[in-house]
Amino acid sequence: MPKDVNVSPFNSADTNSATGSQGFPRSSRLSDAGVISKTLAQKPLKKTHLALHSHQSGDVGLALAIPKKLAKRAVDRNKIKRLIREAYRTQPQEKKQLWGSVVVRLHKKIGQIKNQLFKKQEKEMAMEVRQAFDAKKNP
């Protein structure tokens, strides 16, 4: 039986992938520069490592600003982005509507310590992100 060389495991008919219902949808991402700049003009809710800007507008979504200057390693930047996206994704839709457009930016250097200590810092940041998203109260 000849083997098909053009078969890819990623193009299979099986739609049971992790990105199906667990992914971060494109519709939840902010990409309009005008909306992002208006959101960044708002006073942020500051946590230890993160600043969370929100703006009540017609747009509901999330944008991330994790600069290379503050998190040197790509692994660290990607981990931070995953933590923030996961915290945002698991919020109920009513809470997302309440926040409006959200820009989360890293404002304190991270990842300049040994791996053992970074794991502790990573757990603290995950807790910080969840607390930040839960901090907004109904008006």
Side-chain angles (χ1 to χ4, degrees):
M1 186 163 117
K3 193 172 187 179
D4 190 0
V5 292
N6 292 328
V7 173
S8 171
F10 302 110
N11 293 336
S12 65
D14 183 23
T15 58
N16 220 0
S17 67
T19 57
S21 63
Q22 297 295 319
F24 191 71
R26 280 251 182 241
S27 60
S28 294
R29 298 178 188 187
L30 284 181
S31 58
D32 185 17
V35 173
I36 292 172
S37 62
K38 285 179 187 176
T39 305
L40 283 171
Q42 303 299 315
K43 184 175 176 155
L45 168 66
K46 285 195 172 184
K47 295 291 184 177
T48 308
H49 296 95
L50 301 171
L52 194 122
H53 301 263
S54 68
H55 178 62
Q56 288 292 346
S57 64
D59 298 310
V60 175
L62 176 71
L64 302 171
I66 313 296
K68 191 173 184 179
K69 188 174 185 176
L70 298 179
K72 295 287 184 194
R73 296 178 349 145
V75 174
D76 299 339
R77 291 192 304 274
N78 292 338
K79 182 72 170 184
I80 293 166
K81 289 176 189 177
R82 278 195 303 272
L83 288 170
I84 295 169
R85 284 187 195 124
E86 179 66 16
Y88 182 81
R89 187 187 63 78
T90 57
Q91 292 294 314
Q93 189 61 33
E94 301 82 41
K95 185 76 91 166
K96 292 177 188 176
Q97 292 290 336
L98 180 65
W99 275 102
S101 57
V102 178
V103 177
V104 180
R105 72 181 168 84
L106 187 67
H107 74 88
K108 185 178 178 187
K109 213 168 214 185
I110 192 167
Q112 299 297 320
I113 52 181
K114 293 191 189 275
N115 196 24
Q116 197 68 287
L117 291 174
F118 182 71
K119 293 286 183 194
K120 181 181 175 203
Q121 202 174 28
E122 181 183 303
K123 287 179 184 176
E124 289 172 0
M125 183 171 292
M127 182 67 87
E128 185 178 309
V129 169
R130 279 188 235 109
Q131 288 173 352
F133 281 121
D134 290 337
K136 187 83 170 186
K137 303 288 186 233
N138 289 326

J.: Side-chain heavy atoms under 4.5 angstrom apart, residues restricted to Ile, Leu, Val, Met, Phe, Trp, Tyr: same cluster for L83 and L45?
T.: no
J.: Given S101, which partner from the list I36, L62, V60, T39 fulfils the side-chain contact (heavy atoms from CB on, under 4.5 Å) test?
T.: T39
J.: What residues, two or more places apart in sequence or in another chain, satisfy side chain to side chain contact (heavy atoms under 4.5 Å, CB included) together with E124?
T.: K120
J.: What is the distance from atom CD of Q91 to atom CZ of R130, rounded to the nearest 0.5 Å?
T.: 10.0 Å
J.: Does atom NZ of K38 have more than 12 heavy-atom neighbours from other groups under 6.0 Å away?
T.: no
J.: What are the two closest heavy atoms between S54 and W99, and how far apart are they?
T.: CB-CE3, 3.2 Å
J.: Specify the closest pair of heavy atoms between P44 and H53, including all atoms of both residues, with the distance to one decimal.
T.: CB-CE1, 3.4 Å
J.: Do L50 and L106 touch side chain to side chain, with heavy atoms closer than 4.5 Å?
T.: yes
J.: Does any non-hydrogen side-chain atom of I84 lie less than 4.5 Å from one of I66?
T.: yes
J.: Going by side-chain contact (heavy atoms from CB on, under 4.5 Å), V35 matches just one of L40, L30, V103. Which one?
T.: L30
J.: Would Y88 and V104 count as a side chain to side chain contact (heavy atoms under 4.5 Å, CB included) here? Give the steps.
T.: CA-CA 10 Å; Y88 182 81; V104 180; over 6 Å; no
J.: Hey, does R85 have a side-chain heavy atom less than 4.5 Å from the side chain of L64?
T.: yes
J.: Please report the shortest heavy-atom distance between H107 and K47, naming the atom on each side.
T.: NE2-O, 3.0 Å
J.: I need the minimum non-hydrogen distance between K68 and R77, along with the two atoms involved.
T.: CG-NH1, 3.4 Å
J.: Indicate the atoms forming the closest heavy-atom contact of S37 with G34, along with that distance.
T.: OG-O, 2.9 Å
J.: For the atom pair NZ (K46) and CZ (R105), what is the distance rounded to the nearest 0.5 Å?
T.: 5.5 Å
J.: Can you check whether T48 reaches K108 side chain to side chain, under 4.5 Å on heavy atoms?
T.: yes
